[in-house]
Structure formats: C-alpha cells, structure tokens
Amino acid sequence: MNYMILSVDTGIDDALAIAYALGQKEYRLLGITVSYGMAPLEKTYRNTRHLLNLLGHPEVPVYPGSTAPLQGIRTYNGDFHGMDGAANLLGEPSWEERPPEHIKSSVTFIKESIEQYGRDLTLVTTGPLTDLARLLSMHPLQCRAMGQIISMGGALTCPGNSSPVAEANIKADVTASKAVLEAGLPLTLIGLDVTRKTLLTLDEIQTWRDLCSEAGFFYCNLLTFYLNEYRRFYPYLKGCALHDPLAVAAACNPQIFTMLPFHLTVCTDGPLTGRITENLMADHERTRETMVALKVDSQAFKSRFLDMMRCVLEGFT
Ligand code: BDR
Ligand code: CA
C-alpha cells in the first residue's frame, strides 16, 4: 500500500489538489497539513476543513503548520485566490473554525507518519516549503527516510509568476526553499515549466455546475474567480494553470512527465530572489539530484483529472 500526506496552503488550485487526491485509488491519504501561503493560516486551515466536509470526507485529519516564513514576513493582496484564499466566498473564519489549541503540529504528524510508513510514504507539497524545512532541521533522519517528496514549485526554463524569475511557492520562503533544495532529499519539482502548459477552461468547469451538487457549485464558483484573475493577469493564456493537482498527478501518474535531474539551489537576495538555478557548489558524490519536470502530456492529465473531478464532486469516492 502507498500512503500520501498532502501539504497545502489552500488556495483555489490547492482545493483542486485536495479533491484530486481524495479520488486517487493508488494512495491512502493519511492526512493534510496546512500552512500560511495563499492566505493566513487560520483561513487556509478553515478552507481545507470546509472542503473536506463539502466533499464528504470529514474524517481526513488536518494539522496546522507554519504561520510565516522562516525569515521575513508574508503579506496578502487577494490576487488570484481572494483575501480568504477561497474566492472571497468564505470570508473571516469564526472561532470554532480556527485550528484547535492542542492539535498535533504538521511537523510532528509528518515525522510520526514517516516513522510508521517509511519509504511507502509520499509527501506532496503545494505551498511554501517552510514546514518541510522545519522537518528537515528538527528531524533530519526521518526527513530522509520518506519514499519521495513531490513539490509544486519553481520555474527553471520559463518566467516566474511571483517575479519575472521566481515562482510563488519558492519565493514565499527562500530560506526554507534553499535548505530543502540543497539537502539532497528524494525530491521532484513540478514547476511552472509544466503547470502553465496544463490549463483549465471556463467550458470545462461549467459541467461541474451541471452536476447540481453542493460541491460542484462551490468548485465552479471558486474556479470562475480564478479564471477571471487569470484573464486579468495573463490575458494571453487560454485558461488557468492547474499547478497543484499536477503535483498530485506526479505521484499517481509519473509516466506522463519528462524529468531531468539537477543539483539545485535558490537565489536568496537581490533582483533574482526566488530564482531556482543549478547549484555549482553541490557535492556530486554525496548529494542526490532533484528531479525537475520539464514536459508533461497535458492531454493525458486533463482527461484523467476531469473524469476524477466529476466523480469526486458527485460524491462517488
Ligand atoms: C503556486 O502558488 C499558488 O498560487 C498556487 O496555489 C500554487 O501552489 C503556483 O505558483
Ligand atoms: Ca498552493
């Protein structure tokens, strides 16, 4: 059996990744960890719980993680995901919707899961790498004992989305990203090189409304907002990028990707902050390379993704 932990910062395309992960038969989803990212932690946590309830999976545990990057601060402007990370549909969380006080932390949950499942465990991250960097510094042995880590992040051969050279998840916490990329972990990056070539259109999400389920309506409204934001910022793209679900696909259908190995690092200051690049200082004898997805069969992904989303939004999982 294969086991998965999904590490999110929900976020509209994180919402797609959660639904897509719930539909996978290849993996048992052990739990979801959530950090700041597309919105502050109390909102990303609430969004994640809301989605799990909506999708008929309230049993999946959610563990809260970092509230800020290792260094510096995070500011929010509501672009792409709304001020609440959910297309402004959910607003401010109530007290009851905030993470319970004595709940296990994300880092503890991931560490304990590695101890239990070892190489059978896959961690998929779709937000900043802050929690993973904390795991690496607090529990380095366990962090290296996982089967694989797949992270949505980076832009190696194409422009960034957070700056001309930087992808948002990597740039959100460059200190954490550098620590993770240089550690020689069993890491695969699913970056803008492939996610911006895998687009969802307005016509495709209309069919979710036709399902007449509460989840179908909610997801259609989320994605309508996201598509409008894409039209505002990238009028030349014919849809919105399926960043985060594509990272889940890399766990379940790795054969649809073309990957190359690189020793990577991240620029942490100056105009190139957040740019991932080859690490010329890497010890080639001792550190393993990161696999970077450079091509994807987006049609193969899209047809599987749309079928699966239909099932999950109809409640057939
Ligand atoms: C990443 O940043 C966020 O906007 C998305 O949720 C995704 O994880 C894309 O750069
Ligand atoms: Ca995300």
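Each ligand, and each atom within it, is numbered from 1 in the order the structure gives. Note: hydrogens, waters and symmetry copies are ignored here, and every other heavy atom, side chains too, is used.
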Out of curiosity, [X] [atom1] to [Y] [atom2], how far, rounded to the nearest 0.5 Å?
{"X": "Arg46", "Y": "Glu96", "atom1": "CZ", "atom2": "CD", "value": "12.0 Å"}
{"X": "Tyr63", "Y": "Leu30", "atom1": "OH", "atom2": "CG", "value": "9.0 Å"}
{"X": "Leu51", "Y": "Leu222", "atom1": "CG", "atom2": "CG", "value": "7.0 Å"}

Taking the six-membered ring for Trp and the single ring otherwise, decide whether the centroids of Phe218 and His50 are under 6.0 Å apart.
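Judged by ring-centre distance (under 6.0 Å), Phe218 and His50 do meet the cut-off.
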
What protein heavy atom lies closest to [atom]? Include the residue and the distance to one decimal.
{"atom": "atom 10 (O) of ligand 1", "value": "Glu167 OE2, 2.4 Å"}
{"atom": "atom 6 (O) of ligand 1", "value": "Asp13 OD1, 2.5 Å"}
{"atom": "atom 4 (O) of ligand 1", "value": "His81 NE2, 3.0 Å"}

Taking only heavy atoms of [X], which atoms of ligand 1 are found under 4.0 Å from at least one of them?
{"X": "Ala168", "answer": "2 (O), 10 (O)"}
{"X": "Asn161", "answer": "9 (C), 10 (O)"}
{"X": "Asn169", "answer": "1 (C), 2 (O), 7 (C), 8 (O)"}
{"X": "Thr126", "answer": "8 (O)"}

The Ca ion (ligand 2) to Asp9: nearest N/O/S atom name
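Going by distance to the Ca ion (ligand 2), the closest N, O or S atom in Asp9 is OD1.
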
Below 4.0 angstrom, N of the basic side chain to O of the carboxylate: do Arg232 and Asp79 qualify?
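Salt bridge between Arg232 and Asp79, a charged N being under 4.0 Å from a carboxylate O: yes.
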
Under-4.0 Å salt bridge between Glu26 and Arg304:
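Salt bridge between Glu26 and Arg304, a charged N being under 4.0 Å from a carboxylate O: yes.
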
Can you classify the ring geometry of [X] versus [Y] as parallel (below 30°), tilted (30 to 60°) or perpendicular (above 60°)?
{"X": "His263", "Y": "His284", "result": "tilted"}
{"X": "Tyr230", "Y": "Tyr226", "result": "perpendicular"}
{"X": "Tyr20", "Y": "Phe305", "result": "perpendicular"}

Please confirm if an N, O or S atom belonging to Thr10, backbone or side chain, lies less than 3.0 Å from the Ca ion (ligand 2).
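Here the distance criterion (N, O or S atom, under 3.0 Å) is not met by Thr10, so no.
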
Heavy-atom contacts under 4.0 Å between [X] and ligand 1: side chain, backbone, both, or neither?
{"X": "Asp14", "answer": "side chain"}
{"X": "Asp244", "answer": "side chain"}
{"X": "Ile12", "answer": "neither"}

With the Ca ion (ligand 2) as the apex, the OD1/OD2 angle for Asp14 and Asp244 - to 10°:
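If I round to 10°, I get 70°.
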
